[in-house]
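Take a look at the structure below.
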Number of protein chains: 2
Amino acid sequence: MVDAGVSLSRSRVDKQRNRTHILEVAEQVFTAQGVAGSMDAIAKLAGIGPGTLYRHFPNREALLAALLQARGDDLKSRRDDIRRAVSDSTEALAQWLDALGQWATAFDGLPEPLRMALTEETSPLALTCQGYITMTEEFLRAAQRDGGARPQVRARDLFLGVLATTWVRDAAMADESSEHGLSTVLRCGWATP
Amino acid sequence: MVDAGVSLSRSRVDKQRNRTHILEVAEQVFTAQGVAGSMDAIAKLAGIGPGTLYRHFPNREALLAALLQARGDDLKSRRDDIRRAVSDSTEALAQWLDALGQWATAFDGLPEPLRMALTEETSPLALTCQGYITMTEEFLRAAQRDGGARPQVRARDLFLGVLATTWVRDAAMADESSEHGLSTVLRCGWATP
DNA sequence: CCCTTAGACGGAGAGCGTCTCCGCTTCTTC
DNA sequence: GAAGAAGCGGAGACGCTCTCCGTCTAAGGG
């Protein structure tokens, strides 16, 4: 019964190598062309057939989720840093939202699939997002307890707000002050006067 | 030299009829399936070939722009109504932003092409958006003069904020209070405490 | 060291979209 | 009614996602 490790080690080595290689290539393609980069292009660049790509990751979302997992670990450690280093709960929430915003701009066009994921419970991305909403809630509760955030604001709305802000940034690059302007508006929206 | 009207009347009658018919059908399709509805489907439903559709409207964006023009007229008269009926400049701005939000939800997925348009000067949608940003600016200036809106907020950011809010709504239908929550956040963001 | 076999591989191709090109048809004008 | 300008329509090129299945290979036992 304890053969989980055995069955893992029984799996092919080349499969794991392929998986890793796909992830590396996908990272490059999504970085260069945004999350809408062609799946076939990823397969070709990785030197494999489309079938192989799709056996490893049944769709673009699954691939994205795997790619985001690594960055998600960074985000978690960032959360711990903030918890440790920032004593003011309001400032902590602000910094956490900032970290979330950076996470959501890992690839061009990332906010869109994240938003989509929020409407479908079954998505692997949905679970990821849900986790971050929960973390946001912890920061938010602390800030609300200390009177630094309006009591009627909800964590889900803040998460969506961050997503929306990064969504705007994706397109409004021509005017980079829009990003800052909207972030400020968002902050004024949740912070107490 | 004054044959603009003549050359208009010289154009074929069937062409105009086709154009009108295309617009009617496109309105239906975009209403039912969102702005990503298939162009070929529109052509087929209109009983014409794809070539005809694309000669009238060189791409989806052009079709969308034509469709939005009619609704834009509504929006302009709405603006006049607000100007006439609402004396408080802050409330006027709020109502204008609300009207903008309704305009931007004419079709599912509309915020996306609008955002895209804002980055490309050449787009027909870009001009439309620019016009609305200017109108927003008028309302905003008045509200700022009367002390109802923070002075550092810019009209462009407000427009983007409205777009972002409707973008969120498109997906977060499962939780309709998110729409209200974000709108409130947005308002708290631009209004003075 | 070879044999067996579970399971991975790869690519042809189905299905769906956008958009173009060009021969045919229709409207307009004289 | 003829001529010509202009619109019409659909075949098809091209790109993308994703599947199916014949082929190949790594892993482990004899």
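Sequence lines set the chain letters: A, B, ... in the order given, protein chains first and strands last, and positions in each chain run from 1. Remember, predicted model here, so these are calculated numbers, not experimental data.
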If I compare all heavy atoms of A/I133 with all of A/L118, which pair ends up nearest, and what's the gap? CD1-CD2, 4.1 Å

Residue-level proximity of residues 56-64 of chain B to DNA chain C when a heavy atom falls under 4.0 Å: B/R60

Do we see a donor-acceptor contact under 3.5 Å between the side chains of B/E61 and B/S123? yes

So for the helix from C/dC1-D/dG30 to C/dC30-D/dG1, with five pairs setting each end axis, what is the inter-axis angle to 10°? 10°

If you look only at pairs with a residue in residues 70-79 of chain A, which of them pass as a salt bridge (charged side-chain N to carboxylate O under 4.0 Å, His left out), with sequence neighbours excluded? A/E27-A/R71

Verdict with supporting geometry, A/L114 and A/T128, side-chain contact (heavy atoms from CB on, under 4.5 Å): CA-CA 9 Å; A/L114 289 180; A/T128 311; over 6 Å; no

Show, in sequence, the C-alpha distance, side-chain angles and deciding distance for A/D14 and A/R17, and conclude whether the salt bridge (charged side-chain N to carboxylate O under 4.0 Å, His left out) test is met. CA-CA 5 Å; A/D14 56 333; A/R17 191 183 5 246; over 6 Å; no

With a 6.0 Å cut-off (strictly less than), is the heavy-atom count around CD of A/E91, excluding the residue itself, greater than 12? yes

For atom CD of A/Q16 and atom C1' of C/dC9, their distance in whole Å: 16 Å

For residues 67-94 of chain B, the ring-ring contact (aromatic ring centres under 6.0 Å, His included) pairs (sequence neighbours left out) are none

Report yes or no: do B/L182 and A/M116 belong to one cluster of Ile/Leu/Val/Met/Phe/Trp/Tyr joined by side chain heavy-atom distances under 4.5 Å? no

Would you please name every residue forming a side chain to side chain contact (heavy atoms under 4.5 Å, CB included) with B/T52, sequence neighbours left out? B/N18, B/I48, B/R55, B/H56

Counting only non-hydrogen atoms, which of residues 18-26 of chain B are less than 4.0 Å from DNA chain D? B/N18

In short, B/L163 meets B/R115 closest at the heavy-atom pair CD2-N, 4.0 Å

For a quick test of reading the model: is some side-chain N or O of A/S38 closer than 4.0 Å to OP1 or OP2 of D/dG15? no

Under the side chain to side chain contact (heavy atoms under 4.5 Å, CB included) test, residues paired with B/P113 that sit two or more places apart: B/V35, B/L64, B/L110, B/L125

With a 3.5 Å distance limit and no angle check, can you tell me whether B/R150 reaches the backbone of B/A191 through a side-chain donor-acceptor pair? yes

Taking only nitrogen or oxygen atoms into account, show me every contact under 3.5 Å that the protein makes with nucleotides 1-6 of chain C, one pair per line with its distance.
none

By ring-ring contact (aromatic ring centres under 6.0 Å, His included), which residues pair with B/F159, not counting sequence neighbours? none

Among pairs that include at least one residue of residues 125-145 of chain B, which meet ring-ring contact (aromatic ring centres under 6.0 Å, His included), considering only residues two or more places apart or in two chains? B/W96-B/F139, B/W103-B/Y132

Those residues at least two apart in sequence (or on a different chain) that pass salt bridge (Lys or Arg N to Asp or Glu O under 4.0 Å) with B/E137 are B/R141

Taken to the nearest whole Å, CG/B/D14 to C1'/D/dA6 is 9 Å

Under 4.0 Å, heavy atom to any atom of DNA chain D: which of residues 39-55 of chain A qualify? A/M39, A/D40, A/P50, A/G51, A/Y54

Rounded to whole Å, NZ of B/K15 lies from C1' of C/dC27 at a distance of 13 Å

